[in-house]
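Since the structure comes first, as structure tokens, the remarks are kept for the end.
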2 protein chains.
Amino acid sequence: MEVLRGELREHELPFTHQREAIARVLFETNQHLSADEVETELLDRDHQIGKATVYRTLALLVELGLATEHDFDEGFRRYQMTVGAAQYDHLICTVCGDVTQFREEALESVLESIVRSAGFEPITRQIKIFGTCRDCT
Amino acid sequence: MEVLRGELREHELPFTHQREAIARVLFETNQHLSADEVETELLDRDHQIGKATVYRTLALLVELGLATEHDFDEGFRRYQMTVGAAQYDHLICTVCGDVTQFREEALESVLESIVRSAGFEPITRQIKIFGTCRDCT
DNA sequence: CTGCCTGCAAATGCTTTGCATCTCG
DNA sequence: CGAGATGCAAAGCATTTGCAGGCAG
């Protein structure tokens, strides 16, 4: 939570109850949550926060680099607290919907050289492999 | 075009004017087109086809494996004719919006081993690197 | 003929926005 | 106090769907 407070101060933005509550939800679950799921979780915790604020805050967290946005082709987006500077890639099972994160150094270096030789300055990336997971084969 | 006709016959689906026209647009541009752009291009060619049909046909082409769906975070999707069995990955410039395709064998093999060790059966994948291209740096 | 397709318009569902009001600092 | 945040409801948009009429095979 201190991270958020600091980041907000740095940008001269107010640290509000709503922002704290939303960030807390994301911090604590360490899951990919949709705006809807965040709202539901907030209600469970007796925080009644407007959906517009949820959306605005999630966008803010992404901008501050504290959260990452994901799109698993479900028709809506998911958000997850950024874990350090680590980039996670995903295996998405189209049968059961399960999402597995992974991080592979060999992949990092291959990508690095691709990007470098294209003279491209990377900011974010998304690697999603859709298919059937071990359990659904 | 014969590919489409054959694929449709195989699935016992009718080969209609609309399907032909839409597939032709995709075949001939070899670009990533949105449903809107397909519709516009159809009008330029004096084909007046309902947007619903455009969407339905694009989805069908994807299902038949003749087209690929892309999402470059623009708020809508793009489609491109599938070029052989090749998988293309993308560098997306967030400044000028330019999309560069690439294909790198080293990447293929790294991904292959990741997938294999997870016991995952891949169907499609999306690799998108967002950042600033050489010209916009 | 018969089933699948097409068009149109209406409906969906996620996300964004306008605006009056309230809060943080 | 004043800038920015919040809530609500309405608006936006890409995409989907229902249904009456058409076309391919």
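In what follows, chains are A, B, ... by sequence order, proteins preceding strands, each numbered from 1.
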Using a 4.0 Å heavy-atom cut-off, does A:Glu74 contact any base of the nucleic acid, only the sugar-phosphate backbone, or nothing at all?
nothing
Step by step, would you call B:Glu28 with B:Arg45 a salt bridge (Lys or Arg N to Asp or Glu O under 4.0 Å)?
CA-CA 12 Å; B:Glu28 292 172 6; B:Arg45 304 182 181 199; 3.1 Å; yes
For B:Leu13 and D:dG25, what is the distance between atoms CG and P respectively, to the nearest whole Å?
10 Å
Among residues 51-63 of chain B, which residues get a heavy atom nearer than 4.0 Å to DNA chain C?
B:Ala52, B:Thr53, B:Arg56
ILVMFWY cluster membership beyond B:Val115 - transitive side-chain contacts under 4.5 angstrom
A:Leu91, A:Phe102, A:Leu107, A:Val110, A:Leu111, A:Ile114, A:Val115, A:Phe120, A:Ile127, A:Ile129, B:Leu91, B:Phe102, B:Leu107, B:Val110, B:Leu111, B:Ile114, B:Phe120, B:Ile127, B:Ile129
First contact, last contact: which nucleotides of DNA chain C are these for chain A, 5' to 3', heavy-atom distance under 4.0 Å?
C:dC14 to C:dG25
Calculate the interatomic distance between A:Leu4 atom CG and D:dA5 atom C1'; express it in whole Å.
14 Å
Using side chain to side chain donor-acceptor pair (under 3.5 Å) as the criterion, point out the one residue from B:His70, B:Glu37, B:Glu69 that pairs with B:Arg78.
B:Glu37
By nearest-nucleotide position on DNA chain D, the 5'-leaning member of A:Arg19 and B:Thr16 is A:Arg19
Closest-nucleotide mapping onto DNA chain D: is B:Phe15 or B:Ala35 further toward the 5' terminus? I mean the 5' end.
B:Ala35
How close or far is atom C1' of D:dC23 from atom CD of B:Glu20, stated in whole angstroms?
15 Å
Taking atom P of D:dC13 as reference, at what distance in whole Å does atom CZ of B:Arg77 sit?
18 Å
